[in-house]
Amino acid sequence: MAISNLHYITDTTQGLEPLLKAGLNWVQLRVKNRNEKEMYNLADSFVALCEKYKAYSIINDYPKLARRVGADGVHLGKEDMPVAEARSILGKDFIIGGTANTFEDVEALYEAGVDYVGLGPLRFTETKKNLSPVLGFEGYGEILQSCSVNGIRVPIIAIGGITVQDLEQLHDIGLHGVAVSSAIKRAQNPTAAVKQFLGK
């Protein structure tokens, strides 16, 4: 399993198919405030759509739901279930990612055995409530340096207000990839935005 360098975060399957056709191969479904039946139906159709295009399907926050609908993995926020508990529900073959804002967060997730870390935010974003302190490029550089010094090797994905113009600098710092939502969803041409982020 190769961790993609472009993670797309969405709360719906609407408009997703053209993005998958454009080459998107890693999608995280992040949905809050839905009842259990709505969540199941949405997650089930989401996984089916991802499978159709051979894209990885990641469910945010709900390991039991991810297992039930046959998703490829889960992403756990800082307030969500501990990694070890999610791993016990999902088994060793599921992908587990976790959210980090500091080097200590990254270190704890690495030791817990995550497959990748979502580190951010780069800058302020309206997509997420209760935003952690903004890191900026300098913050990423410091955390990546600490990872290197401490022998922590895990794919780190930048998240939070990222644009196509940031890709080169983030890559130079040592980030594995980026996670975006608004930069694609709100683009004038979302499929063209996907191709830009993929470098196509």
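Heads up: numbering here begins at 1 and tracks the sequence.
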request  = Would you please test His171 and His176 for side-chain contact (heavy atoms from CB on, under 4.5 Å) and show each step?
outcome  = CA-CA 7 Å; His171 181 266; His176 177 84; over 6 Å; no

Quick test of your reading of the model: are [X] and [Y] salt-bridged, counting only N-O distances below 4.0 Å?
{"X": "Asp115", "Y": "Arg87", "answer": "yes"}
{"X": "Asp61", "Y": "Lys32", "answer": "yes"}
{"X": "Lys185", "Y": "Asp11", "answer": "yes"}

Between [X] (side chain only) and [Y] (backbone N and O only), is there a donor and an acceptor less than 3.5 Å apart?
{"X": "His7", "Y": "Ile157", "answer": "no"}
{"X": "Arg30", "Y": "Ile9", "answer": "no"}
{"X": "Asp172", "Y": "Gln169", "answer": "no"}
{"X": "Ser181", "Y": "Thr10", "answer": "no"}
{"X": "Asp44", "Y": "Tyr40", "answer": "no"}
{"X": "Asn150", "Y": "Cys147", "answer": "no"}
{"X": "Asn101", "Y": "Gly120", "answer": "yes"}

inquiry  = If hydrophobic clusters are built from ILVMFWY residues whose side chains come within less than 4.5 Å, do Leu20 and Ile3 share one?
reply    = no

inquiry  = Side-chain heavy atoms nearer than 4.5 Å, only ILVMFWY residues, links allowed to pass through others: does that put Leu65 and Ile95 together?
reply    = no

Could you check if a side-chain atom of [X] sits within less than 4.5 angstrom of a side-chain atom of [Y], using non-hydrogen atoms only?
{"X": "Asn25", "Y": "Leu6", "answer": "no"}
{"X": "Leu29", "Y": "Asn60", "answer": "no"}
{"X": "Asn5", "Y": "Trp26", "answer": "no"}
{"X": "Arg123", "Y": "Phe137", "answer": "yes"}
{"X": "Ile58", "Y": "Val27", "answer": "no"}
{"X": "Ile59", "Y": "Phe46", "answer": "yes"}
{"X": "Leu76", "Y": "Ile96", "answer": "yes"}

So how far is it from [X] [atom1] to [Y] [atom2], rounded to the nearest 0.5 Å?
{"X": "Cys50", "Y": "Leu16", "atom1": "SG", "atom2": "CG", "value": "5.5 Å"}
{"X": "Ile156", "Y": "Ile173", "atom1": "CD1", "atom2": "CD1", "value": "11.5 Å"}
{"X": "Gln165", "Y": "Gln196", "atom1": "CD", "atom2": "CD", "value": "7.5 Å"}
{"X": "Ile143", "Y": "Glu138", "atom1": "CD1", "atom2": "CD", "value": "11.0 Å"}
{"X": "Thr99", "Y": "Asp105", "atom1": "OG1", "atom2": "CG", "value": "9.0 Å"}
{"X": "Ser45", "Y": "Asn41", "atom1": "OG", "atom2": "CG", "value": "7.5 Å"}

So which atom in [X] and which in [Y] form the shortest heavy-atom distance, rounded to 0.1 Å?
{"X": "Pro121", "Y": "Pro133", "answer": "CD-O, 3.4 Å"}
{"X": "Ile184", "Y": "Pro190", "answer": "O-CB, 3.4 Å"}
{"X": "Leu198", "Y": "Leu24", "answer": "CD1-N, 4.1 Å"}
{"X": "Gly151", "Y": "Tyr110", "answer": "O-OH, 3.6 Å"}
{"X": "Val74", "Y": "Pro63", "answer": "CG1-CA, 3.6 Å"}
{"X": "Val106", "Y": "Ala100", "answer": "CG2-CB, 3.8 Å"}

request  = Could you check Val134, Thr163, Asp166, Leu135 and say which one makes a side-chain contact (heavy atoms from CB on, under 4.5 Å) with Leu122?
outcome  = Asp166

request  = Would you tell me whether Tyr56 and Gln28 have side-chain atoms, one donor and one acceptor, within less than 3.5 Å of each other?
outcome  = no

message = A quick test of your reading: do over 12 heavy atoms of other residues, nucleotides or ligands sit less than 6.0 Å from NZ of Lys37?
response = no

message = Checking Ile159 against Val178 for the side-chain contact (heavy atoms from CB on, under 4.5 Å) test, could you report, in this order, the C-alpha distance in whole Å, the side-chain angles of both residues, the deciding distance, and whether it holds?
response = CA-CA 6 Å; Ile159 185 168; Val178 298; over 6 Å; no

message = Suppose we screen for side chain to side chain donor-acceptor pair (under 3.5 Å). Which residues come up paired with Asn189, at least two apart in sequence or across chains?
response = Thr191

request  = Scan for ring-ring contact (aromatic ring centres under 6.0 Å, His included) pairs involving residues 57-104, sequence neighbours excluded, and state none if there are none.
outcome  = His75-Tyr116

